[in-house]
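Down below is the structure, laid out as structure tokens.
Computed from heavy atoms alone, side chains included, the values below leave out hydrogens, waters and symmetry copies. Each chain gets a letter, A, B and so on, in the order its sequence line appears, and its residues count up from 1.
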Amino acid sequence: MSEEFRRVDGRKPDEMRSYKIKAHVLKNADGSAEIRLGKNWIVAAVYGPKEHFPKFEVLHDRAILNCRYHMTPYSTSERKSPKPSRREIELSKVIRSALEQAVILEEYPEMSIDVFIEVLQADGSTRVASITAAAVALADAGIPMKDLVVGCSAGKINGRIIVDVGEYEDKEGEADLPIAIMPNLRRVVLLQMDGKLTHEEFKKAFDMALKGAYKLYEEQINALKSVIKNMEVLEGEDRE
Amino acid sequence: MSEEFRRVDGRKPDEMRSYKIKAHVLKNADGSAEIRLGKNWIVAAVYGPKEHFPKFEVLHDRAILNCRYHMTPYSTSERKSPKPSRREIELSKVIRSALEQAVILEEYPEMSIDVFIEVLQADGSTRVASITAAAVALADAGIPMKDLVVGCSAGKINGRIIVDVGEYEDKEGEADLPIAIMPNLRRVVLLQMDGKLTHEEFKKAFDMALKGAYKLYEEQINALKSVIKNMEVLEGEDRE
Amino acid sequence: MSEEFRRVDGRKPDEMRSYKIKAHVLKNADGSAEIRLGKNWIVAAVYGPKEHFPKFEVLHDRAILNCRYHMTPYSTSERKSPKPSRREIELSKVIRSALEQAVILEEYPEMSIDVFIEVLQADGSTRVASITAAAVALADAGIPMKDLVVGCSAGKINGRIIVDVGEYEDKEGEADLPIAIMPNLRRVVLLQMDGKLTHEEFKKAFDMALKGAYKLYEEQINALKSVIKNMEVLEGEDRE
Amino acid sequence: MRGEGFRGLTLSELLTIKQVEKLFSEGRRIDERGFLEFREIEINTNVIEKAFGSARVSLGDTVVVAGVNFELGTPFPDSPDKGILIVEGEVLPTASFGAEAGPPNEYEIELSRVVDRGIRESEMLPLEEYVIKHGEVVYKIFLDFNIINDDGNLIDAANLAAVAALATAKMPDINYVKEHIDELNSINIKEVPKVGVKIRDLPIAVTLGLKNNKFIVDPTFAEEIAVESLITITHTNKGELCSIQLLKGGLTFEQVFEAINIAYEKNIELRSILERNGIKVI
Amino acid sequence: MRGEGFRGLTLSELLTIKQVEKLFSEGRRIDERGFLEFREIEINTNVIEKAFGSARVSLGDTVVVAGVNFELGTPFPDSPDKGILIVEGEVLPTASFGAEAGPPNEYEIELSRVVDRGIRESEMLPLEEYVIKHGEVVYKIFLDFNIINDDGNLIDAANLAAVAALATAKMPDINYVKEHIDELNSINIKEVPKVGVKIRDLPIAVTLGLKNNKFIVDPTFAEEIAVESLITITHTNKGELCSIQLLKGGLTFEQVFEAINIAYEKNIELRSILERNGIKVI
Amino acid sequence: MRGEGFRGLTLSELLTIKQVEKLFSEGRRIDERGFLEFREIEINTNVIEKAFGSARVSLGDTVVVAGVNFELGTPFPDSPDKGILIVEGEVLPTASFGAEAGPPNEYEIELSRVVDRGIRESEMLPLEEYVIKHGEVVYKIFLDFNIINDDGNLIDAANLAAVAALATAKMPDINYVKEHIDELNSINIKEVPKVGVKIRDLPIAVTLGLKNNKFIVDPTFAEEIAVESLITITHTNKGELCSIQLLKGGLTFEQVFEAINIAYEKNIELRSILERNGIKVI
């Protein structure tokens with residue numbers, strides 16, 4: 001890849017957009033987080049563990065994890081109906097499936113944990129940004145987890161493999177590869193791909209996405225640390 | 001207001017349309033009433049108090065009051081879909097809220113009372129006519145109430161404040177003010193307004209609507225009296 | 001009726017299309033059957049008797065029979081939405097009502113039996129073909145029945161009474177008369193008609209449809225016999 | 001039929017049904033009617049002034065209101081030269097303890113479709129005359145009806161209300177609309193001069209119940225539950241069958257013909273009641 | 001209101017409500033606010049860069065986001081010379097323990113419609129100027145808002161967000177669209193040159209709670225449940241009433257006027273906060 | 001995945017799952033297949049004579065039917081020069097004890113969308129050639145499929161049925177339609193002369209399960225529940241990846257590549273089966 005190649009927003013192929021994660025951003029939720037990744041602005045809230053309702057759905061050996069990925073009507077260029085689309089239903093399912101790998105559901109039999117993700121502004125790679133925020137919200141809620149979950153995407157545009165696919169690249173590019181991993185357990189828990197990639201290109205894209213994910217993992221940790229720091233400050237105040 | 005001013009249907013500003021309320025018009029319902037106000041033709045039916053279903057919704061300290069305000073497809077100039085519109089859902093809510101002020105729900109814990117209002121022909125001010133009929137239907141069902149509920153509207157057209165807003169005036173007028181009161185307790189239990197009114201105009205309109213409501217209250221009493229008379233006649237027959 | 005008269009597909013007025021019924025065509029269902037009647041291709045599956053869910057709907061003196069008649073999107077010339085139409089809901093109801101006459105529901109109080117009918121290709125007279133397959137599926141599931149149920153249609157086109165109405169005849173004809181009977185109990189359990197028929201024509205059409213039904217009844221028996229034969233063969237194998 | 005399932009029946013409804021069954025076995029009906037006798041029928045037309053046509057019909061304690069609406073619409077691709085008729089009925093939650101608000105259930109859909117078939121198959125309305133522009137603009141006629149109070153025999157009552165509302169409707173003059181075809185967008189269909197609807201037939205539905213191998217007509221709510229079978233048979237003006245629906249239970253082959261004959265006789269009776277109300281095919 | 005019914009409240013919510021009630025009887029509010037004092041208000045506009053207009057408003061712990069979208073559409077047949085305004089709001093499931101995903105319930109519909117009425121009846125937007133071609137093409141303006149966190153007084157917060165998003169929106173230049181009317185099909189509305197939205201009014205909603213015959217403004221979630229009555233009163237720029245909604249409970253005749261007067265005073269206060277954020281009628 | 005939740009599994013299903021797990025630990029499969037062996041595959045095309053294209057595919061006891069329909073439609077505003085492809089699949093209630101009638105659940109939506117992505121991303125159909133009039137009229141191709149009996153590996157089976165139905169479809173000749181563009185309203189798309197569909201690729205989906213760190217292909221219903229992870233990998237004719245979906249569980253980084261290699265090998269095998277049925281890219 002030539003050094004001169006610059007993406008539509010000026011990035012190098014292996015360059016992430018700017019990002020920022022904040023934990024504990026909502027007052028009412030048991031846990032919450034906000035992520036900004038490029039112009040993506042996504043909020044995740046966690047309610048639970050709590051009594052599951054209705055009773056007949058309860059699982060006796062573990063908690064039920066509910067997950068909703070949702071885009072607000074103004075989050076996209078064309079106004080989106082607030083009713084969940086087939087795409088949103090599919091993404092809710094794959095995100096839930098990924099988070100289920102990390103959350104220790106067996107600790108809360110007969111209960112449920114709700115994860116609500118709201119995309120306030122969409123700018124490409126929303127699903128991996130969403131799962132990254134959702135994992136922080138779960139940790140913020142104090143839910144026991146085997147590991148965090150963090151996601152990043154890679155793709156291909158004009159024949160080049162790129163990381164952290166932006167909206168324009170998603171629409172105009174040749175392939176999109178969103179992944180999410182448990183960073184310490186080194187397991188892939190979300191993996192989708194569309195477009196066309198040779199096996200070789202896939203390898204390159206996969207590695208780039210992994211690197212991106214590990215960067216965002218640092219940011220997740222920072223976000224959670226500052227919440228703990230805040231708590232310590234508050235506890236300190238308490239002691240006075 | 002000039003004495004010569006006549007409304008589109010020939011009424012004076014403070015003149016009600018003709019009205020007639022009849023109680024106990026449906027055979028199956030526990031209570032029912034019909035109102036005609038201008039060309040409005042509205043039927044209200046009450047079922048209950050009865051066991052509430054499903055069980056998990058039950059309130060342990062009082063009855064649940066359900067209320068549906070609904071327009072039939074042929075009740076309006078343009079055919080209305082039978083599916084409840086957002087407007088009908090809002091009106092069902094404000095009518096229920098008003099009736100809840102009057103009905104002594106604490107007498108029937110764990111039960112429910114259903115109020116069904118069907119607009120067969122709409123001619124402006126349907127919501128206040130509806131609540132007026134619904135209160136008579138509740139009384140007809142023998143449900144204990146602190147007071148009746150009676151409604152009337154006022155509005156503004158061509159700069160003049162008018163009572164009992166007709167369909168044309170609702171569409172072409174500058175403001176609409178539907179109210180419902182508990183006439184003996186002198187409390188407002190439904191109050192909405194849209195359009196533009198100065199505080200002064202509001203005062204005038206509010207007073208006009210109140211006067212209209214007290215007139216309709218007389219008619220409510222008449223309607224209930226003739227049911228009681230009928231019952232006495234029937235009881236008389238019984239005794240023979 | 002002149003001997004020369006031939007229908008659009010070359011049939012005589014009292015001639016059935018070719019037909020074939022096969023029992024036990026699906027692996028998972030407790031009972032199943034497939035019918036081909038002309039180009040009709042319809043599959044019926046039975047699940048049950050099984051615990052009914054949700055509990056509050058249970059009938060304490062008999063089983064609930066559920067029935068769904070459904071057309072797949074590619075079964076008709078114009079693509080059909082997979083969502084059940086009003087027509088499909090009506091047909092599900094009349095087919096269920098007919099099957100309820102034959103199934104001994106009292107044997108399974110508090111349980112339910114599901115009958116699912118899927119039209120894969122529609123070619124006129126689908127409802128009677130459906131009920132004919134459904135009855136075989138019920139028998140294949142070992143559900144106790146007073147009698148089989150078998151259906152056939154008659155109709156009128158160009159002034160002539162015909163049996164086993166095809167798609168073209170359904171669209172272009174003057175009348176359609178689908179019936180279903182319990183062949184041994186000699187009772188009509190499904191009867192619909194639309195179009196115009198004099199009483200005389202009705203009689204003629206009804207008799208033709210009856211005759212057709214009795215022919216299909218033979219085929220139902222054959223279908224069930226070969227299942228039993230297969231079972232015997234299997235049992236034979238078992239014994240070896 | 002209705003009244004079945006987990007919603008159950010009120011105690012008073014259950015007692016009435018028991019009583020109906022007891023009387024049936026003695027050859028009597030609860031209201032002392034003859035087995036082939038209708039309850040009192042009241043027909044009022046033009047009860048909704050704002051609709052193009054309307055009627056209120058009561059059959060004993062069963063009450064139905066029907067209304068007619070005309071709109072401009074696009075014809076179905078497979079009948080480019082025909083107006084569109086849409087018949088929809090609902091049982092309002094006012095109608096009985098068990099009636100529910102919400103989308104129509106299968107009984108309401110059957111009710112609507114049986115009434116629809118009678119009107120459509122009898123060719124009561126000359127739909128082919130309701131075409132403004134071939135394949136593009138036609139009249140769309142909505143016939144909506146509602147059961148206000150349900151004491152059984154909803155189909156016969158709804159059919160009478162539907163037929164009475166249609167037959168007495170005033171429709172927007174199609175010649176006027178055709179003359180203004182270039183300004184269709186600015187035509188308010190409600191303000192087009194009106195002419196009477198032309199009708200070519202009057203379908204009459206008669207529903208029979210069967211109990212202990214005897215037929216009754218015009219079953220009440222309790223009788224509908226007490227009988228073993230229910231069938232609706234609709235005749236045209238000329239005495240042809242135009243719709244049949246077995247609603248419940250079964251019939252022997254012979255009973256099918258017996259039912260048709262009874263329905264034919266009663267159809268003539270109902271027809272004369274309509275005629276007394278000025279409703280007939282001219 | 002919200003929080004009622006079988007979903008129930010969390011224990012912490014219940015305890016807060018008890019505490020609110022106890023303090024009310026002592027003439028105090030839980031956060032030591034004056035009865036007629038608003039919580040801190042934060043208004044940020046253009047928070048969604050990709051929308052035509054947007055705002056994030058927080059009222060204490062209540063947080064709302066609103067966004068504005070323009071599309072080309074067909075006008076309603078009864079107002080062929082007016083743009084279309086559609087206001088829809090939802091309480092997101094992030095907002096509270098009791099908030100649910102799914103189609104809007106009656107409280108969300110009321111919330112949307114009250115905000116809608118304020119904007120519509122104040123004639124904030126010159127809808128009659130949003131016509132590309134009479135009766136055929138107009139602007140369709142979507143104002144969507146979402147409650148992200150619910151600590152009560154959703155209407156006032158949503159109204160502020162809606163008004164701020166609309167007032168600061170950049171809309172596609174209608175003159176440009178009119179000049180390209182022959183190529184409407186190929187116009188991408190997002191790429192049309194933008195101009196500021198003209199506004200003619202700013203409706204300000206003020207919600208009051210009544211407890212022990214005393215009014216409070218800006219009720220929290222717990223206060224909304226603790227008070228006996230709730231009413232929203234919306235004023236125009238000129239001090240006219242343009243929308244009233246009694247949300248809960250009842251008022252004496254005198255209290256209606258008292259509420260209106262308080263709402264008027266507070267409306268002026270909120271108006272000056274908007275003005276400080278550069279949002280005003282010019 | 002499927003089979004989870006409160007609907008539960010039948011006793012027989014549970015026993016099979018237990019058995020599958022026991023055998024897995026012994027390195028065996030319940031039907032004695034090799035870990036990377038497919039069940040018997042049967043492909044029949046043109047099974048629905050009335051459709052433009054159709055296929056019935058069985059994969060062991062899993063049975064799918066797919067049908068193709070062509071309609072005239074309006075293109076999406078953002079691709080005015082492309083035909084529209086709509087892929088929708090449902091698991092019919094006939095398919096298993098747990099399958100339900102009603103709108104598609106999340107597993108059915110995922111199934112449809114994975115099949116859709118394979119077809120779309122491989123660019124199997126030349127959608128840009130299906131344009132009658134730029135921005136106004138295009139072909140709308142419906143590919144509907146239904147699971148009739150569910151014994152697992154629905155995606156691979158549905159993908160084969162979809163691809164076989166599309167590849168063998170006869171479509172309405174677009175040149176004929178273009179020549180009759182002035183009479184589009186009166187064209188019956190079913191009666192337009194037909195030509196074979198041109199296809200440019202054949203996407204082949206291969207689903208793998210992972211249990212005890214070993215991959216299996218073509219999992220049965222019981223195996224899908226018994227395995228820890230499930231992934232579908234779709235290849236184009238040229239051996240490129242065109243769709244991946246991790247359906248369940250997780251994989252190590254290395255296992256991702258192992259899975260891709262296995263899927264590639266099996267894709268060649270399935271491709272030769274299609275070719276034996278006359279289905280290939282020319």
Practice task
Let me know if E:I231 has heavy atoms under 4.5 Å from chain B in its side chain, its backbone, both or neither.
Solution key: side chain
Problem - E:K140 atom NZ, neighbour heavy-atom count above 12 within 6.0 Å - result: no
Problem - Full working for side-chain contact (heavy atoms from CB on, under 4.5 Å) between E:E110 and B:V94 - result: CA-CA 9 Å; E:E110 183 179 52; B:V94 294; 3.6 Å; yes
Practice task
Examine whether an atom of B:Q192 lies under 4.5 Å from a heavy atom of chain E, and if so say whether it belongs to the side chain, the backbone or both; otherwise answer neither.
Solution key: both
Exercise for the section: To the nearest 0.5 Å, tell me how far B:I181 CD1 sits from E:L251 CG. Expected result: 13.0 Å
Exercise for the section: Look up atom NZ in E:K248 and atom CD in B:E100, then write down how far apart they are to the nearest 0.5 Å. Expected result: 10.0 Å
Problem - pair E:Q245-B:E90: side-chain heavy atoms closer than 4.5 Å - result: yes
Completion exercise
Tightest non-hydrogen contact, residues B:L190 and E:L246, listed as N-CD2, 3.8 Å
Problem - Note, B:K196 side chain near E:E123 side chain (heavy atom, < 4.5 Å) - result: yes
Exercise for the section: Counting only heavy atoms closer than 4.5 Å, note whether B:L210 contacts chain E via side chain, backbone, both or neither. Expected result: side chain
Practice task
Answer whether the closest heavy-atom distance between the side chains of B:R96 and E:E106 falls below 4.5 Å.
Solution key: yes
Exercise for the section: Go through B:T198, B:L191, B:L185 and name the one with the most non-hydrogen pairs under 4.5 angstrom from chain E. Expected result: B:L191
Practice task
Count the heavy-atom pairs under 4.5 Å between each of B:E78, B:K171, B:R87, B:E200 and chain E, then report the option with the highest count.
Solution key: B:R87
Practice task
With the side chain counted from C-beta on, respond yes when E:E88 and B:R86 share a heavy-atom pair under 4.5 Å apart, and no when they do not.
Solution key: yes
Practice task
Tell me, for E:T236 versus chain B, whether the close heavy atoms (under 4.5 Å) come from the side chain, the backbone, both or neither.
Solution key: side chain
Exercise for the section: Below 4.5 Å from any heavy atom of chain B, which atoms of E:F253 appear? Answer side chain, backbone, both or neither. Expected result: both
Practice task
Determine whether more than 12 heavy atoms belonging to other residues, nucleotides or ligands lie under 6.0 Å from atom CD of B:E51.
Solution key: no
Practice task
Quick one: which of E:H235, E:Q255, E:R120 has the most heavy-atom pairs under 4.5 Å with chain B, could you say?
Solution key: E:H235
Problem - Under 4.5 Å from any heavy atom of chain E - which part of B:I64 - result: neither
Handout entry: Segment of E:P104 engaging chain B (4.5 angstrom heavy-atom cut-off)
Key = side chain
Completion exercise
When rounded to the nearest 0.5 Å, the distance separating CD1 of E:I244 from CD1 of B:I179 is 11.0 Å
Exercise for the section: Please look at B:K203 and chain E and tell me whether the side chain, the backbone, both or neither of the residue comes under 4.5 angstrom of a heavy atom of that chain. Expected result: both
Handout entry: E:N261 side chain reached by B:H199 side chain, heavy atoms, under 4.5 Å
Key = yes
Problem - B:K93 side chain vs E:L247 backbone, donor-acceptor pair below 3.5 Å - result: yes
Handout entry: Heavy-atom closest pair, residues B:S97 and E:G249
Key = OG-N, 4.1 Å
Completion exercise
So, the part of E:S229 with a heavy atom under 4.5 Å from chain B: the answer is side chain
Exercise for the section: Using atom types as modelled and distance alone, determine if a side-chain donor or acceptor of B:R187 lies under 3.5 Å from a backbone N or O of E:G250. Expected result: yes
